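Quick caveat: nothing in here was measured; it's all calculated off a predicted structure. Reminder, nothing fancy here: chain letters follow the sequence lines and each chain counts from 1.
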2 protein chains.
Amino acid sequence: MANQGKKKFRTSKQRNRMLQLLRATDSHPTADWLYEELKKEFPRLSLGTVYRNLSLLIDMGLVKKIHFGSTFDRFEANTAPHYHLICERCGKIIDFDLPVYEDIIEDAKQRTTFTIHFHRIEFFGTCENCGRASQVNI
Amino acid sequence: MANQGKKKFRTSKQRNRMLQLLRATDSHPTADWLYEELKKEFPRLSLGTVYRNLSLLIDMGLVKKIHFGSTFDRFEANTAPHYHLICERCGKIIDFDLPVYEDIIEDAKQRTTFTIHFHRIEFFGTCENCGRASQVNI
DNA sequence: GTCCGTGCAAAAGCTTTGCAGCCTT
DNA sequence: AAGGCTGCAAAGCTTTTGCACGGAC
């Protein structure tokens, strides 16, 4: 999605400030938060511009979207702790029966003031099918 | 969100089949997939019912939603690999500067046919603030 | 009989997109 | 001058909710 590096970028005040803002905060902002902040400086700013610029910044590799992977919720009846393998191409999600790394949790608990209840690990990559397909380079 | 265990549940054919379906598949279905599947059996089924039942099943602890945490996307300019601490109460996300567990990745790579590009670990719990607040039991 | 679950439809919430004009190169 | 970027508004998509009726207990 978005443009795969084929387009030329121009600079814009809005996008520059947006990147500055993102770099100055560690609160993992939402698009709306950025919108409200930037509107102080650009009163006519529109949300569309925020989203478009976020998309561009991600294309440029300067920003990451955190909860990507799927635009809609997914559900599972496997309530036992387990990890996930997610294919970046076809979106397939596979249960990954790895041993639960207890020592990681212990390690983590000692390094934060958070009360940790559980953790989640997701591995992103390409599945066998999509891996073969990539040889052809669609 | 939803009812916190205060309500009594009745059974329903729709919900029973939904749980069966979820247990019989490992494809981590979306609400819409469930809707399409169940409509074969319940032609008048509505999407609203699917969502409501998913919510109930989650309350009952029989089903998990995978991509929860935030209903909207979040962005960050910290492109270096790092993990996240997420507060289940206030939704706050904090960068967690843990060492990257290289051995986990190696271990994982050997146990799958996936080509793994990167991984993500999220720790869920309650932050210091919310932890204190919980004493009061809102 | 009570009141939970359902279908239907409308609404809500976040994100994307079409268009005409402005700004960067 | 060319074409990316912007504001505005409308549309899109997933999820939630109000309402009246039917079903479980």
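One interatomic measurement links the two molecules: CH2 of A/Trp33 to P of C/dC14, which rounds to 17 Å at whole-angstrom precision. If you take CG of B/Leu57 and P of C/dC4, they are 17 Å apart, rounded to a whole angstrom. The separation between B/Leu45 atom CG and D/dG22 atom P is 18 Å, rounded to whole Å. Summarising the geometry, the separation between NZ on A/Lys8 and P on D/dC5 is reported as 12 Å, rounded to the nearest angstrom. Summarising the geometry, the separation between OH on A/Tyr35 and C1' on C/dG13 is reported as 15 Å, rounded to the nearest angstrom. At whole-Å resolution of the value, CZ in B/Phe42 and C1' in C/dT6 are 11 Å apart. With rounding to whole Å, A/Lys13 atom NZ is found 11 Å from C/dC22 atom C1'. In this structure, B/Phe9 atom CZ and C/dC3 atom P are separated by 17 Å, rounded to whole Å.
At a cut-off of 3.5 angstrom, the base of C/dC3 holds at least one donor-acceptor pair with the side chain of B/Arg10.
OP1 or OP2 of C/dG7 has at least one side-chain nitrogen or oxygen of B/Gln14 nearer than 4.0 Å. Close to D/dC8, at under 4.0 Å from its OP1 or OP2, lies a side-chain N or O of A/Arg44.
When distances are taken from the side chain of B/Arg15 to each of C/dG5, D/dG7, C/dG7, the shortest belongs to C/dG5. Taking every side-chain heavy atom of B/Asn53 into account, C/dT6 is the closest of D/dT6, C/dT6, C/dT24. Closest to the side chain of A/Ser46, from the set D/dC5, D/dG7, C/dG5, is D/dG7.
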B/Asn78 and A/His28: side chain to side chain donor-acceptor pair (under 3.5 Å), yes or no, with the steps?
CA-CA 9 Å; B/Asn78 180 354; A/His28 309 78; over 6 Å; no
Full working for side chain to side chain donor-acceptor pair (under 3.5 Å) between B/Gln20 and B/Arg23
CA-CA 5 Å; B/Gln20 265 187 283; B/Arg23 286 187 167 154; over 6 Å; no
What's touching nucleotides 16-19 of chain D from the protein side, N or O pairs under 3.5 Å?
residue, atom, partner, partner atom, Å
D/dG18, O6, B/Arg52, NH1, 3.2

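Side-chain contact between B/Phe96 and B/Phe123: present, with at least one pair of heavy atoms (C-beta onward) separated by less than 4.5 Å.
Residues B/Phe75 and B/Ser12 each lie close to DNA chain C; by heavy-atom proximity, the contact nearer the 5' end of the strand is made by B/Ser12.
The shortest heavy-atom contact between A/Val63 and B/Phe75 is CG1-CB, 4.1 Å. Smallest separation of non-hydrogen atoms from B/Ala31 and B/Leu47: O-CD2, 4.3 Å. Scanning both residues, B/Asn53 and B/Ser12, for their nearest heavy atoms gives ND2-OG, 4.5 Å.
Ion pair B/Arg74/B/Glu76 not flagged as a salt bridge, since none of the NZ, NE, NH1 or NH2 atoms sits closer than 4.0 Å to an Asp/Glu carboxylate oxygen. A salt bridge does not link B/Glu37 to B/Lys39: none of the charged side-chain nitrogens sits closer than 4.0 Å to a carboxylate oxygen.
Between the CG atom in B/Leu85 and the CD1 atom in A/Ile116 there is a gap of 5.5 Å [rounded to 0.5 Å].
No contact: A/Asp32 has no heavy atom under 4.0 Å from any strand.
Looking at residues 17-29 of chain B, you'll see that no heavy atom sits under 4.0 Å from any atom of DNA chain C.
With sequence neighbours left out, A/Thr115 forms a side chain to side chain contact (heavy atoms under 4.5 Å, CB included) with A/His117, B/Thr126.
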